[in-house]
Amino acid sequence: MPDPTPVLEIRDLHKAYGSLEVLKGVDLSARQGQVISLIGSSGSGKSTLLRCCNLLEDSQAGDVVFEGDPVRWRGEGLGRHPADPRQVVRIRTNLSMVFQQFNLWSHLTVLQNVMEAPVQVLGREPAEVEAKARDYLDKVGIGDKADRWPSELSGGQQQRAAIARALCMEPRALLFDEPTSALDPELEQEVVRVIRALAEEGRTMLLVTHDMNMARDCSDHVIFLHKGKIEEEGAPAALFGQPKSERLRGFLSATAA
Ligand SMILES: Nc1ncnc2c1ncn2[C@@H]1O[C@H](COP(=O)(O)OP(=O)(O)OP(=O)(O)O)[C@@H](O)[C@H]1O
Ligand SMILES: [Mg+2]
């Protein structure tokens, strides 16, 4: 039986940048194997929410709970920070992030990029990590590019290298922030295929995307954020098929190609 404890839970999360309130009480729960898409207009707080999940950003109120273990905080309000650095490392290394701009190291080969964090951060044995890194590069379809520099790869190949790098951490969940937005349409599809395959093999994922087809095809739950609050959420068929809120209807008609 699958473990009923969610991999990640966010409860009533509040986040401001100075006086700008960006998240106004957001709840989210990702079970093992669940793929949750976050959609919404620019500035609605999608990236901020993702960054609060793996503690790249502080939040002022509410809980972040990783595998049933709530983040311990010290201080209050804008002075609230995680209290336990080891807990932060555990959460960050288990919630691997894939960014819009790939963020590969240009001075390292593709293989070295994929091996870097497991060896340097987790202290794993290089020979073992190399074998895994090559497997993950094969899995995303660029095994033949292992010894190239990132600058020698297309955008779609670089993003797939970034996905292999995230996988090589063997995290409990993957967090994607608009992984296809920097790509031309034909390269976008190579990355969508990799993400769909990861969804099908039961990976837990949070996916911020402007691509409604990807949200519909890859996820089993979709959250529509509007001005820092969840305006509507549900299964993709219901959310895209029969949107209830006027705002979601407006958003979907504006994003339809
Ligand atoms: N580091 C920051 N300092 C101050 N304000 C910020 C910072 N990062 C984001 N914001 C503000 O927080 C709000 C939410 O931003 P966020 O990046 O989460 O939106 P988003 O939904 O990801 O938008 P997009 O679709 O454009 O990526 C915006 O008003 C933005 O200007
Ligand atoms: Mg964003």
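Ligands are counted one by one from 1 in listed order, and the atoms in each one are counted from 1 as well. Sequence positions, counted from 1, serve as the residue numbers for this chain.
Protein heavy atoms are found inside the 4.0 Å sphere centred on atom 24 (P) of ligand 1.
Only one option out of His226, Lys244, Arg247 pairs with Glu231 in a side chain to side chain donor-acceptor pair (under 3.5 Å); it is Arg247. If you run side chain to side chain donor-acceptor pair (under 3.5 Å) between Ser59 and each of His81, Arg51, Arg80, only Arg80 comes through.
Residue-level proximity to ligand 1 for Thr48 is carried by backbone and side chain together, each with a heavy atom below 4.0 angstrom. Contacts between Glu178 and ligand 1 below 4.0 angstrom, taking non-hydrogen atoms only, involve the side chain exclusively.
Here the protein heavy atom with the shortest distance to atom 26 (O) of ligand 1 is Ser42 OG, 2.6 Å. Nearest non-hydrogen protein atom to atom 17 (O) of ligand 1 is Ser47 CB, 3.7 Å. The shortest contact between atom 12 (O) of ligand 1 and any protein heavy atom is with Val22 CG2, 3.3 Å. Distance from atom 1 (N) of ligand 1 to its nearest protein heavy atom, with residue and atom name: Tyr17 CE2, 3.5 Å. Given atom 30 (C) of ligand 1, the protein heavy atom at minimum distance is Leu20 CD2, 4.6 Å.
Figure legend: Lys132 and Tyr136 shown without cation-pi pairing, the cationic atom not lying both under 6.0 angstrom from the six-membered ring centre and within 45 degrees of its axis.
No side-chain N or O of Gln157 forms a donor-acceptor pair with one of Arg148 less than 3.5 Å apart. Counting only N and O atoms by type, the side chains of Glu233 and His221 include a donor and acceptor under 3.5 Å apart.
To the nearest 0.5 Å, the span separating CE on Met97 from OG on Ser47 amounts to 7.0 Å.
At a threshold of 4.5 Å between side-chain heavy atoms, the hydrophobic network of Ile, Leu, Val, Met, Phe, Trp and Tyr places Leu28 and Val64 in one connected group.
Note on Asp217 versus Arg196: salt bridge recorded, some NZ/NE/NH1/NH2 to OD/OE distance being below 4.0 Å. At a threshold of 4.0 Å, the pair Arg124-Glu128 does not count as salt-bridged, since none of the basic side-chain nitrogens sits closer than that to a carboxylate oxygen.
Residue contacts with ligand 1: Gly43 is included, with a non-hydrogen atom under 4.0 Å away.
Residue contacts with ligand 1: Glu57 is placed with no nitrogen or oxygen under 3.5 Å of a nitrogen or oxygen of the ligand (distance criterion only).
Close approach of ligand 1 to Ser41 (heavy-atom distance below 4.0 Å) involves ligand atoms 21 (O). Taking a cut-off of under 4.0 Å to the non-hydrogen atoms of Gly45, the atoms of ligand 1 that pass are 14 (C), 18 (O), 19 (O), 20 (P), 21 (O).
Taking backbone and side-chain atoms together, Thr48 has no N/O/S atom less than 2.8 Å away from the Mg ion (ligand 2).
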